[in-house]
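Ligands are counted one by one from 1 in listed order, and the atoms in each one are counted from 1 as well. Numbering of residues begins at 1 and proceeds along the displayed sequence.
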Amino acid sequence: MTSLIVSKFGGSSVANAEQIIKVAGIIGSSSDRKIVIVSAPGKGKNDKEKITDHLINIATEGRHFHSQKKEISGNDSKNAVIDKFSSIIKDLGIEGDDIIENLKSDLDKNLPDKMKRDFYASRGEHYNSIVVSRYLNKSGLEAWTALPEDIGLVVSEDFGNAKVMPLSYKNMKKNLVTESKPGIAVVPGFYGITENGDVAVFSRGGSDLTGGEVAYAVDAALYENWTDTDGIYQVDPRIIPDSEVIPKLTYKEIRLLSAKGFNVFHYDAMIKCRKKEIPINIRNTNNPESEGTLIVSDRIPTETVVGIARLDNTAYLYLEKSGSGDTIGFLAKLLDIMKRFGIETYHYPTDRDDVSVIFNQHDLNGSENDLIDMINEELQPDVLEINHDLTILSPVGKGMKDHPGIIAEAAIAMKEKNISIEILDQGPAQYSFHFGIQNRYSDTAIRALYERLILNQG
Ligand code: ASP
C-alpha cells in the first residue's frame, strides 16, 4: 500500500513569501508529501487581483478586466505581475534574476490569439513552481520543478478548457514515481502541453484538476487540497458563524453540497479521485493543526443531515397544458428550448399536466421574452409563468435515507417562521431534498433549518 501524498496548494496558500514559507513548513512535516502542485499567486492582503487575471488581461490588452468593468491596462497588469514575482523572490531570499528575465520575455511573446491567452495565463503557475522548488531547496528540502513538458502531461487542444490525454497517466507515473528524480516534485497546476507542443490551460480553478489528475496517475494514498478555510462547513459560516467543519463526507455528499454554492474545489478533480477511491483532504494552510474535511467513498453516518446548501438567484418556470401528461416527449421539448437559450436547469418537479423547471435566473440574460415567445409558439401552453428570486435550500446527508420524519421536521421549521415552501423536491438517492422559498426569507430559513436539523438532531 502506497503512502504517497499529492498536495495541492491553492492561490491564497502561495500568494506571497509569508504563505510560501508556511507551505514549506507543511511539506517538510511529512516525508510522504513527495508531489506538490502549486497555483499561481492568488490575492494577498495587498493585492486587488489574482495573478492569473492579470496575465489574461495582458494577453487580451486590457479587455479581460474591462469586461468586469475594471479599467486596468495590459501594461499595468504586466507591471503588477513582474512586481509580484520580484517581491516574492526578494522576500524569500532566493536567486531569481533568471526567473524575472524569462517571465519578461514570455510576456513579450507574440502568439496567435487562440494560443496567446493560454500561454500567458499559464505563466503564474509556471514561474511559481520554480519559485517554490527553489525555496524548498533553500530551506533544506530537496526539490525539483516538474513541468508538464518534463513529466508528459499531455492535453487536448481545447484551449481554455483542455482535457488530459490518456497517455499522460503512464507518462506521469513513470516520471513522478518509477523513474522520478530524487526529492519533492513541484508541479505547476492549471496547464499541460498539447501534442503540438503548445500550452493549453484547463478551465479556471484548474490547478485542482492537475492535482486530481496527478493523484490518479501516481495512485496516491491521499490527495490534499490546501486552501484558506478549515474545511467544508455544515452551513455557510458567513450566515451561521457557529457552524462547524464537517470531518468526513462521501464524494456523493460533497457533490450534492457543491452543486449548491459549496464551491470548494473543481468537480472534475473529484471525479478522477473517486474512480480510484483516493481520499481528498481539504485543509487550511493558515491553520494546519485543523484536520480539515476528508472526502471518502463511503462512511457510516452518525447524523441525519450533514450540511445544508443554499443556492440563490434561481427562478422557476411554470407551465400547464391540458393533456401534456399523455404526450410522450413533452418535457424533453421544453428542456430543449431552454437548452437553446443556454439555460442551466436544476430541478423538474412535475404533475400530470403541469411542470416546473428550476434554473439559474442569470442565464436568462435579457432573453426572457424571447424564451416565452418560443415556448408559446412551439408548445402552446395554457399557462406559462416565470417566477424570479427564489432560493433553493438543500439539506444533505447520507443518514437521511431510511430516517423517517426529516422532511416533516424541516417543514415545521418553515411553518414556525411563516415561510411558504414554493417548491419541494427530493433527490432520488434520498440523500437530499430541496425547498424553494423566496430569496428574502433565505437567511431566516437557513438558520431555522440549521437549528432544527443539525443542532437538535438526536
Ligand atoms: N490560477 C488559475 C486560476 O486562477 C488556476 C487555479 O488557481 O486553480 O483559475
Side-chain angles (χ1 to χ4, degrees), residues 6-16 19-20 22-23 35-44 47-60 64-65 67-68 70 72 77-78 80-82 84-85 88 103 106-107 115-132 145-148 153 155 158-164 186-193 199-216 223-229 258 262-273 280-286:
V6 171
S7 310
K8 180 256 170 179
F9 293 88
S12 60
S13 302
V14 287
N16 50 39
Q19 292 300 92
I20 293 174
K22 289 184 197 169
V23 166
I35 302 177
V36 170
I37 319 294
V38 294
S39 283
K43 263 194 238 179
D47 306 308
K48 290 207 183 67
E49 304 297 339
K50 292 168 69 168
I51 287 302
T52 306
D53 285 294
H54 276 306
L55 290 164
I56 297 172
N57 200 46
I58 304 169
T60 58
H64 176 65
F65 283 136
S67 69
Q68 302 169 15
K70 295 175 197 161
I72 303 172
S77 281
K78 192 167 172 179
V81 172
I82 293 167
K84 180 78 188 180
F85 275 105
I88 294 179
L103 171 66
D106 277 354
L107 298 183
M115 290 149 193
K116 187 170 176 184
R117 182 191 172 279
D118 282 35
F119 177 76
Y120 278 49
S122 71
R123 298 300 87 185
E125 272 74 8
H126 179 89
Y127 287 106
N128 221 17
S129 66
I130 301 175
V131 165
V132 169
T145 311
L147 298 177
L153 174 45
V155 296
D158 302 296
F159 293 99
N161 191 19
K163 304 283 177 240
V164 172
V186 183
V187 183
F190 193 39
Y191 76 96
I193 305 292
V199 164
V201 299
F202 302 128
S203 54
R204 291 300 305 267
S207 294
D208 284 352
L209 241 160
T210 308
E213 299 282 0
V214 168
Y216 178 88
Y223 173 33
E224 292 179 332
N225 203 284
W226 291 85
T227 174
D228 56 0
T229 124
S258 60
F262 276 60
N263 289 326
V264 264
F265 72 115
H266 210 294
Y267 177 59
D268 294 348
M270 198 175 75
I271 299 184
K272 268 288 146 49
C273 291
I280 303 168
N281 197 183
I282 314 279
R283 304 219 26 198
N284 190 352
T285 300
N286 304 317

Suppose I only count heavy atoms of K50 and a 4.0 Å limit; which atoms of ligand 1 are within that range?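 Checking each atom against K50, I get 3 (C), 4 (O).
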
Please identify which atoms of ligand 1 are closer than 4.0 Å to at least one heavy atom of S39.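 Per the distance check, 6 (C), 7 (O), 8 (O).
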
Any idea which of R204, K8, K43, H266 brings a heavy atom closest to atom 4 (O) of ligand 1? R204

For [Y], does its backbone N or O pair with a side-chain atom of [X] as donor and acceptor, under 3.5 Å?
X    : Y    : answer
T210 : F190 : yes
N161 : D158 : no
Q19  : S12  : yes
D118 : V201 : yes

Does [X] come within less than 4.0 angstrom of ligand 1, counting non-hydrogen atoms of the residue?
X    : result
G124 : no
E125 : yes
G11  : no

Please work out which of the three classes, parallel, tilted or perpendicular, describes the rings of Y191 and H126, given edges at 30° and 60°. tilted

Can you pull out the closest protein heavy atom to atom 6 (C) of ligand 1? Residue, atom name and distance to 0.1 Å, please. S207 OG, 3.4 Å

So, do F202 and V164 sit near enough that their side-chain heavy atoms are less than 4.5 Å apart?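 Side-chain contact under 4.5 Å: yes.
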
D208 versus ligand 1: do any nitrogen or oxygen atoms come within less than 3.5 Å of each other?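 N/O-N/O distance under 3.5 Å: no.
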
So, is A40 polar-close to ligand 1, with some N/O to N/O distance under 3.5 Å?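 Min N/O separation from ligand 1 is not below 3.5 Å for A40.
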
Quickly, which of R117, K70, R204 forms a salt bridge (charged side-chain N to carboxylate O under 4.0 Å, His left out) with D53? Name it, please. R204

